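Working notes for the structure below.
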Amino acid sequence: MEEKPWALVSEVGGDQGYLPELADIVKQHFQIISCVDFLQNPKLHASKIQVLLNWKYCPAVEPALLRLLPSLKVVASGGVGVDHLDVAFINSLGVKVANTPGVVSDCTADLAMGLLLASARLILDGHKIATDPETVHIPQSLMGVQVSGSTLGIVGMGDIGFKIAQRSKGFDMRIVYHNRTKRSAEDEAAVGATFCKNLEDLLRSSDFVMIAVKLTSETRGLIGCRELSVMKPTATLVNISRGQVVDQDALVEALQSGRIRAAALDVTHPEPLPRNHVLLSMSNVIITPHIGINTIQTARRMVERMVENAVAAVRGRPVPDEVKP
């Protein structure tokens, strides 16, 4: 039988690696080698490797690594964002780039609503009180804020933003959104969303502000001092996009001063934050470790899609999810 093409991966198992069942999906189509094993003797396998599978940003797709791979045909990345990849440079080496759009949308939207609800209804505080060995009565002061009937402002109405709106409609939330382009009338009607051309108008009117944009040069630092200052003092900021979209120093100041009520973050910068970072000790902040895509079902679909893109590139076919600069 013809030998399977070779793919470079982070590792199997370990904190940065593939779960064994996910690695098995890759092994159906590729002979895999971990980055650590490859770098021990690059010349031994360099000419064989045609695919680099970038899972959870690993292995880091750096110029030094790419230049060791003369036969590389594609960098297949899991997830939607490609801000960790220099697509133009990779393409200049004759290598294609692919991601997995759509696959992560439901999973990420689910977590977005989970963060919103947990922050609004003080679920983590309630859990601590309910499980504390010293608790002998439930304090009446544990009061959250109403989600049903409140206003949700979605910044970024792509696939994930739209799915967040679908879920929010079930809570009878009033939905406003800001996006580079206005969604179709049919899309707006489907979720009852109203377009805000001006971001500040959305921020002023929203009880919850959900950030769901891609990280680009235009969105880096999108939410800073000015934007936080126009939000309601009772508002909550939820970020499931990228940490760099929000000015963290400005966010800390806004939370400490009571300019906004709370924040719920699945993303920070860096990840993880330094263990002494002030956000980690703030009672009005919830942070999860970038787990928007972390369900086994989504992970499986992501790896399958990565493999589909990689197989197409190796066989000289159009890559279904190719990313252009």
Side-chain angles (χ1 to χ4, degrees), residues 14-16 56-58 60 79 81 83-84 104 107-135 139 141-145 147 153 155-156 160 164 203 206-215 219-229 231-295:
D15 291 338
Q16 304 297 325
K56 303 279 188 167
Y57 309 125
C58 295
D83 48 276
H84 60 297
V104 304
C107 194
T108 306
D110 288 347
L111 184 74
M113 291 305 297
L115 285 170
L116 187 155
L117 290 165
S119 179
R121 298 305 307 274
L122 305 179
I123 289 174
L124 295 185
D125 298 286
H127 172 77
K128 290 176 183 177
I129 291 170
T131 58
D132 189 334
E134 303 298 320
T135 295
S141 59
L142 190 68
M143 291 288 176
V145 297
V147 174
V155 183
I160 293 173
I164 292 169
L203 297 174
S206 298
D207 299 303
F208 299 91
V209 175
M210 181 76 68
I211 310 298
V213 298
K214 294 180 180 178
L215 178 61
T219 62
R220 190 179 299 272
L222 179 68
I223 304 299
C225 290
R226 170 62 186 169
E227 290 73 26
L228 291 163
S229 71
M231 289 174 61
K232 295 180 179 181
T234 55
T236 299
L237 180 74
V238 184
N239 187 9
I240 48 89
S241 58
R242 289 291 188 269
Q244 299 97 313
V245 173
V246 176
D247 181 333
Q248 279 183 173
D249 292 337
L251 177 61
V252 167
E253 197 281 327
L255 290 163
Q256 288 177 330
S257 66
R259 190 177 301 157
I260 65 171
R261 171 188 168 271
L265 314 170
D266 186 44
V267 289
T268 59
H269 183 68
E271 292 175 350
L273 289 171
R275 296 297 84 187
N276 62 349
H277 197 284
V278 65
L279 279 174
L280 301 181
S281 60
M282 299 183 74
S283 61
N284 54 347
V285 177
I286 294 175
I287 301 177
T288 50
H290 205 153
I291 56 172
I293 62 174
N294 282 29
T295 69

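Residues take their numbers from the sequence shown, with the count starting at 1. Quick note: numbers below take in every heavy atom, side chains included, and nothing from hydrogens, waters or symmetry partners. All figures in this text were calculated on a predicted structure; none of them were measured in a lab.
A distance of 10.0 Å separates CD1 of Ile287 from CD of Glu271, quoted to the nearest 0.5 Å. The CE atom of Met210 lies 7.5 Å from the CG atom of Leu115; values are rounded to the nearest 0.5 Å. Taking OG of Ser283 as the reference point, atom CG of Leu124 lies at 12.0 Å (rounded to 0.5 Å). Distance check, rounded to the nearest 0.5 Å: CG of Leu251 to CG of Leu255 gives 4.5 Å. Annotation: the span from Ile260 atom CD1 to Asn284 atom CG amounts to 8.0 Å, rounded to 0.5 Å. Note that CG of Leu203 is 6.5 Å distant from CE of Met231, once rounded to the nearest 0.5 Å.
Put simply, the side chain of Thr135 gets close to the backbone of Ile129: a donor and an acceptor are under 3.5 Å apart.
The salt bridge (charged side-chain N to carboxylate O under 4.0 Å, His left out) check on Asp207 picks up Lys232, with sequence neighbours excluded. Legend: residues meeting side-chain hydrogen bond (donor to acceptor under 3.5 Å, both in side chains) with Lys128, ordered by chain and number and at least two apart, are absent. For the side chain to side chain contact (heavy atoms under 4.5 Å, CB included) test, residues two or more places apart in sequence or in another chain that qualify with Ile123 are Ala118, Arg121. Residues forming a salt bridge (charged side-chain N to carboxylate O under 4.0 Å, His left out) with Arg226 (at least two apart in sequence, or on another chain): Glu200. Partners of Asp110 according to the salt bridge (charged side-chain N to carboxylate O under 4.0 Å, His left out) rule, which considers only residues two or more places apart in sequence or in another chain, are Arg167.
Across all non-hydrogen atoms, the minimal contact from Val104 to Gly79 is CG1-CA, 4.2 Å. Contact record, Ser241 with Ile211: OG-CG2, 3.4 Å, taken as the closest heavy-atom pair. Here the closest heavy-atom approach between residue Ala254 and residue Ser257 is recorded as O-OG, 3.4 Å. The minimum heavy-atom distance linking Asp266 with Gly292 is given by the pair OD2-N, 3.0 Å. Taking all atoms of both residues into account, the shortest heavy-atom contact from Val252 to Met282 is O-CE, 4.1 Å. Contact between Asn294 and His290 at its shortest, heavy atoms only, is OD1-O, 4.2 Å.
Thr219 is not listed as a side-chain neighbour of Arg242, based on a closest heavy-atom distance of 4.5 Å or more. Within the 4.5 Å cutoff, the side chain of Lys214 has no heavy atoms near those of the Asp83 side chain. Inter-residue side-chain proximity for Ile293 and Lys56 is flagged as met; some heavy-atom pair is nearer than 4.5 Å. In this structure, Val238 and Ser119 have side chains that are not in contact, with every pair of non-hydrogen atoms separated by 4.5 Å or more. Side-chain contact between His277 and Thr268: absent, with no pair of heavy atoms (C-beta onward) separated by less than 4.5 Å. Taking the side chain as every heavy atom from C-beta outward, Thr288 and Leu111 approach each other to under 4.5 Å. Thr236 is not listed as a side-chain neighbour of Leu116, based on a closest heavy-atom distance of 4.5 Å or more. Residues Glu227 and Leu222 fail the side-chain proximity criterion, which asks for heavy atoms closer than 4.5 Å.
At most 12 non-hydrogen atoms from other residues, nucleotides or ligands lie less than 6.0 angstrom from NE2 of His127.
Pairs engaging residues 243-258 under the salt bridge (Lys or Arg N to Asp or Glu O under 4.0 Å) rule: Glu253-Arg259 [sequence neighbours left out].
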